[in-house]
K.L.:
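Pasting a structure below so you can have a look.
Just so you know, these numbers come straight off a predicted model, no measurement behind them.
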Amino acid sequence: MNERIERYLKAGTRDNTRRSYQAAVEHFEVSWGGFLPATADSIARYLVDHAERHSINTLKQRLAALAQWHISQGFPDPTKAPMVKQLLKGIRATHPVQQKQAAPLLLTQLEQVVSALEASAATAAERHDMAALLRARRDIALLLIGFWRGFRGDELARLLVEHIQAEPGTGMTLYLPHSKGDRLNQGVSYRAPALKRLCPVQAYGNWITVAGIAHGPVFRRIDRWGNLGEQGLNANSLIPLLRGVLERGGLPADLYSSHSLRRGFATWASANGWDIKALMTYVGWKDMKSALRYIDPAMSFANLQLLP
């Protein structure tokens, strides 16, 4: 019975969260030399020792992990002490950091990169270079599904063929059993349109056809000989993969991350008249603040703007 309880408790916490919390507790206890259960004073000293080396978000994540450990073990939570809260405010004021955001992948840039990949696919097919053809088709599908659905990297990495229904000329439905925005793990179905150009449905069909994938992860590793992996891409590998694709397409890759697809779609939708409610519903944002972080507003100063 205890094993079954432990299994369900474990399932209630996402793998990434569990790993990051374990690492944070280990850092406090092993790397820094703290003792658990901790006191508010030791938490404060821990924050001070790392205030100049870590961002406020990293410190807050470490506190969340320590809070979770104390609560799960039945101890009072020292991270909620007034002194700790005031100390965090002081650190934020003393070490302000401008929030870094990945550049949005704009539609014209997406078209440029996909055009280069299509040319690579055509050349690879002529030369019977299966490895190059597979990479081009996978990367086109990755870009177009990621952009038109506004998916995060981890969502792309967890897509399964058996959870996708695609109908050429009509659209596709993609089901995710759980995701970051789905706090209750109820599962969410997403729709993506069939388009006249840069079509995610066609790109998906081309990819799974050439790869011969009938089930399992959609996006997988391809080795230098063109062998397809059985496991899905790791979410952490998507950033270097995406940057490599964008660099080959002629873009400055360092400006972009896996969030660039999401930001790019949000920027495109906003510029094309989508209101914020429609955009939040489509992408899956639950609060306005999250949505606004991804949108680059178009601002006009009309006749007052200086001419170049």
K.L.:
Between atom CG of Asp139 and atom CG of Leu246, what is the distance when rounded to the nearest 0.5 Å?
P.N.:
9.5 Å
K.L.:
Hey, are Asp41 and Thr39 close enough side-chain-wise for a donor-acceptor pair under 3.5 Å?
P.N.:
no
K.L.:
Answer yes or no: is there a donor N or O on one side and an acceptor on the other, between the side chain of Gln112 and the main chain of Gly249, under 3.5 Å?
P.N.:
yes
K.L.:
Mind checking the CD1-OG spacing from Ile91 to Ser55? Nearest 0.5 Å is all I need.
P.N.:
11.0 Å
K.L.:
Over 60° means perpendicular and under 30° means parallel, so tell me whether Tyr46 and His50 are parallel, tilted or perpendicular.
P.N.:
tilted
K.L.:
Please list, chain by chain and in numerical order, all residues satisfying side chain to side chain contact (heavy atoms under 4.5 Å, CB included) with Ser260, sequence neighbours excluded.
P.N.:
Ala102, Leu105, Tyr256, Ser257
K.L.:
One thing to verify: whether Glu111 and Arg197 come together as a salt bridge, which I'm taking to mean a side-chain N less than 4.0 angstrom from a carboxylate O.
P.N.:
yes
K.L.:
Specify the closest pair of heavy atoms between Phe147 and Phe265, including all atoms of both residues, with the distance to one decimal.
P.N.:
O-CB, 3.0 Å
K.L.:
Report yes or no: does Ser72 contribute a side-chain atom to a donor-acceptor pair with the main-chain N or O of Gln68 at less than 3.5 Å?
P.N.:
yes
K.L.:
Does the Ser237 side chain pair with the main chain of Leu233, one donor and one acceptor, at a distance under 3.5 Å?
P.N.:
no
K.L.:
Kindly indicate whether the side chain of Leu159, heavy atoms from C-beta on, has any atom under 4.5 Å from the side chain of Phe151.
P.N.:
yes
K.L.:
Please round to the nearest 0.5 Å and tell me the distance separating atom CG of Leu156 and atom CZ of Arg152.
P.N.:
11.0 Å
K.L.:
Going by heavy atoms in the side chains, are Val245 and Val113 under 4.5 Å from each other?
P.N.:
yes
K.L.:
Distance-only, no hydrogens or angles: does the Arg221 side chain make a donor-acceptor pair with backbone N or O of Gln231 under 3.5 Å?
P.N.:
no
K.L.:
Looking at Arg137 and Trp207, would you say the former's side chain and the latter's main chain have a donor-acceptor pair under 3.5 Å?
P.N.:
no
K.L.:
Quick check against the 3.5 Å criterion: does Arg135 have a side-chain atom that pairs as donor or acceptor with the backbone of Asp223?
P.N.:
yes
K.L.:
Should the heavy atoms of other residues, nucleotides or ligands under 6.0 Å from CD of Glu162 be counted, would the total exceed 12?
P.N.:
yes
K.L.:
Taking the side chain as everything from C-beta on, heavy atoms only, tell me whether Glu167 gets closer than 4.5 Å to Val201.
P.N.:
no
K.L.:
Ignoring hydrogens and geometry, is there a side-chain-to-backbone donor-acceptor pair from Gln22 to Arg19 under 3.5 Å?
P.N.:
no
K.L.:
Can you tell me which residue among Asn227, Ile222, Val210, Leu228 is in a side chain to side chain contact (heavy atoms under 4.5 Å, CB included) with Met130?
P.N.:
Val210
K.L.:
Say whether, by atom type as modelled, one donor and one acceptor occur between the side chain of Thr267 and the main chain of Arg263 under 3.5 angstrom.
P.N.:
yes
K.L.:
I'd like to know whether the aromatic ring centres of Tyr282 and Tyr190 sit less than 6.0 Å apart in this structure.
P.N.:
no
K.L.:
Donor-acceptor pair, Trp69 side chain versus Leu36 backbone, under 3.5 Å?
P.N.:
no
